[in-house]
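Atoms within a ligand are numbered from 1 in the order they appear, just like the ligands themselves. No hydrogens, no waters, no symmetry mates; every other heavy atom, side chains included, goes into these values.
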Amino acid sequence: MRVSTSRRRFMGMAALGSVSALGLTTISTRHSAQAAEHSPAVVIGTGYGAAVTALRLGAAGVPTVMLEMGRLWDTPAEDGSIFSSMLTPDRRSMWFKKRTEAPLASFLWLDLANRDIEPYAGVLDRVNYGDMSVYVGRGVGGGSLVNGAMAVTPKRWYFEEILPQVNADEMYGRYFPLANSMLGTNSIDPDWFETCDAYQFARVSREAAHKAGYKTTFVPSVYDFDYMRREEDGLVPRSALASEVIYGNNHGKRSLDKSYLAAALGTGNVTIQTLSEVRDISQQQDGTYSLSVRRIDETGNVLGVHQMTAKYLFLGAGSLGSTELLVRARDTGKLPRLGEAIGQGWGTNGNVMLGRANHMKDLVGPLESGMPALGIDAWDDPVNPVFAEIAPVPAGLETWASLYLAITRNPERGTFRYDPGSDRAVLQWREEQGQPSIDAAKRMFDRINEVNGTSYRYDLFGDTRAFENRFTYHPLGGLVLGEATDGYGRVKGYDNLYVTDGSLIPGSTGVNPFVTITALAERNIAQVLAQDIRTA
Ligand code: FAE
């Protein structure tokens, strides 16, 4: 019998809803789900690439275990909310930190955004590597729990340039539409955008961009814009309109636990084990993979390390996580046939953040939706390609500031090296490698400032810099398609070992990346299921 995706999603949502009530860390539609010792397929992580892969494996009848180091986010805490507020973050906000580390470090040079917190398995991590810090999501749903929900399909000409070996007709005819439909991508009603208070900040930025001759474009989203309208009308609890985004949205967002992962669980063949970090991968004589899995509780106590085996192993731990696992496996001799391409080709998607100071008369208003809906699109400019997301500063008060996350075409790449002392893969990236991103953003925003008689904000990033290029939201690469793997994510040198996530993409997509990661994962698993997987 063929089961529809919506029916699967419904059954999976029921499974997700019942586990935390029971205090379990193993999630499945089967009642007696136990932590398994062997599974035909194991998927590491529960972000975009992992979720796609698990759904397609489960739907094909392959018993699959997903191992996720973070927790499940579905149970309200004592304050009645699942996630903590961005304005008053508590221990739920960040992954084992003593103090929050917000991207906007200051306002008027004051550290107003950060708070001391108790170390806990919170939802947002900032992994600090010297000159570069990387923000990632932790929990069932990975980055979908903390991201801005912008669901952007890359320009076809640029996709063809970065991944020339991938059939673009197939991607744009089949896999991008499939990814967007499964993710629940929707578009803002342009009439409502023109009138609602929560996008006044975006309209102010749009006017400044248009005056300088730039065009803007609406950005699709996986935040439900109908829900947001009802938030404005006071009919439902507020989330985007209550300054929620990077520490999780309590409502309105179609994160992966509500889309792909729910459908995966609904196949009846997928189990998710939470608070389970894969530390080591090795291979047995018969080709089976063996994993060491460290299990913790929510406060970080190590409950034990257990071994698990799998015939087919899929790495979906994100650009940092998957790359680290294979760099460690190669350099500790556990998977010695892994080659030099492992750990190479990492990039920031050219991310750089900046703020502009508006004229006193150009009010952005005290209410800013946490979800961006508009971008300045100059990606087709052959001289200075930039796609700048018009980002909110949802501080709950008038800021006279316009904020942007610019995506630029920065050719610089970083490399991961194994550090035996810490047993970690450490990113090699120097601050000056971010300079091409600053130069590109500066060319765009110098023009916007000049035409509008405005200037940069120098108070937002902890010192007096106008451009922040020391962090990224968009880590990409490390296990690049066609270099570390074949053209479908099969790791070179090993059978039945696959990469499914953002580490396949060579450092840049020209837009926010999760739609690209999702569509590529759909394409790769279709091929792998057709050609490789045998479960007799
Ligand atoms: P990802 O979603 O990072 O998932 C990896 C998962 O693996 C995580 O749940 C980890 O906890 C888990 N994991 C890692 N290591 C291990 C291990 N050893 N054992 C077990 N589990 C492990 O991977 N992108 C957009 O397209 N639009 C946006 O608006 C946007 N906004 C963003 C805003 C923020 C604040 C951040 C942080 C990111 C944003 N992104 C956005 C980026 C997007 O979320 C990111 O590209 C994807 O989440 C990456 O997907 P992956 O499948 O690669």
Would you tell me which option among Gly137, Gly45, Gly47, Gly318 has the nearest heavy-atom contact to atom 8 (C) of ligand 1? Gly137
Looking only at protein heavy atoms, which one is nearest to atom 49 (C) of ligand 1, and what is the separation? Ile517 CD1, 3.6 Å
Considering all heavy atoms, the nearest Ser39-Pro63 contact: OG-O, 3.3 Å
Which pair of non-hydrogen atoms, one from Gly122 and one from Arg138, has the smallest distance, and what is that distance? O-CB, 3.7 Å
Could you go through the side-chain hydrogen bond (donor to acceptor under 3.5 Å, both in side chains) check for Glu522 and Tyr260 one step at a time? CA-CA 11 Å; Glu522 287 278 19; Tyr260 271 103; 2.5 Å; yes
Does ligand 1 come near enough to Phe514 that some N or O of the ligand is less than 3.5 Å from an N or O of the residue? yes
If I apply the N/O under 3.5 Å rule, does Leu124 come out as touching ligand 1? no
Short N or O distance, Gly148 and ligand 1, threshold 3.5 Å exclusive: yes
Could you verify whether a donor N or O on one side chain and an acceptor N or O on the other, from Arg295 and Ser276, lie under 3.5 Å apart? yes
N or O pair under 3.5 Å between Met150 and ligand 1: yes
Tell me whether Ala149 has any N or O atom under 3.5 angstrom from an N or O of ligand 1. yes
Asn147 N/O under 3.5 Å from ligand 1 N/O: yes
Distance-only N or O hit between ligand 1 and Pro513, under 3.5 Å: yes
Atoms of ligand 1 close to Gly502 [distance to a heavy atom under 4.0 angstrom, numbered from 1]: 53 (O)
Taking all atoms of both residues into account, what is the closest heavy-atom pair of Gly47 and Leu256, and its distance? C-CD1, 3.3 Å
I'd like to know whether ligand 1 has Pro475 as a neighbour, heavy-atom separation below 4.0 Å. no
Below the 3.5 angstrom mark, is there an N/O of Gly49, backbone or side chain, next to an N/O of ligand 1? yes
Using a 4.0 Å heavy-atom threshold (strictly under), name the region of Asn512 that reaches ligand 1: side chain, backbone, both or neither. both
What heavy-atom pair brings Asn469 and Met132 nearest, and what distance separates the two atoms? O-CE, 3.6 Å
If you measure every N/O of Gly143 against every N/O of ligand 1, is any gap under 3.5 Å? yes
Minimum distance, heavy atoms only, to atom 6 (C) of ligand 1: which one of Arg279, Glu68, Glu389, His474 is it? Glu68
Using a 4.0 Å cut-off to any heavy atom of Tyr135, which atoms of ligand 1 qualify? 37 (C)
How are the rings of Phe471 and Tyr473 set relative to one another: parallel (under 30°), tilted (30 to 60°) or perpendicular (over 60°)? tilted
One finds that the ligand 1 atoms under 4.0 Å from a non-hydrogen atom of Gly142 are 2 (O), 4 (O), 8 (C), 9 (O)
Can you find an N/O atom of Ile44 closer than 3.5 Å to an N/O atom of ligand 1? no
Note, Glu231 side chain near Arg238 side chain (heavy atom, < 4.5 Å): yes
For a quick test of reading the model, state the closest non-hydrogen atom pair linking Met371 to Ala149 and the distance between them. SD-CB, 3.8 Å
Do me a favour and list the nearest non-hydrogen protein atom to atom 10 (C) of ligand 1 with residue, atom name and distance? Arg138 NH1, 3.4 Å
Apply the side chain to side chain donor-acceptor pair (under 3.5 Å) test between Tyr48 and each candidate in Thr518, Asn147, Thr516; give the one that qualifies. Asn147
Less than 4.0 Å is my threshold; does some heavy atom of Gly316 fall inside it relative to ligand 1? yes
Please confirm whether Phe83 and Tyr247 have ring centers closer than 6.0 angstrom. no
Could you give me the CA-CA distance, side-chain angles and deciding distance for Glu160 and Leu163, then say whether side-chain contact (heavy atoms from CB on, under 4.5 Å) is met? CA-CA 5 Å; Glu160 288 177 350; Leu163 290 170; over 6 Å; no
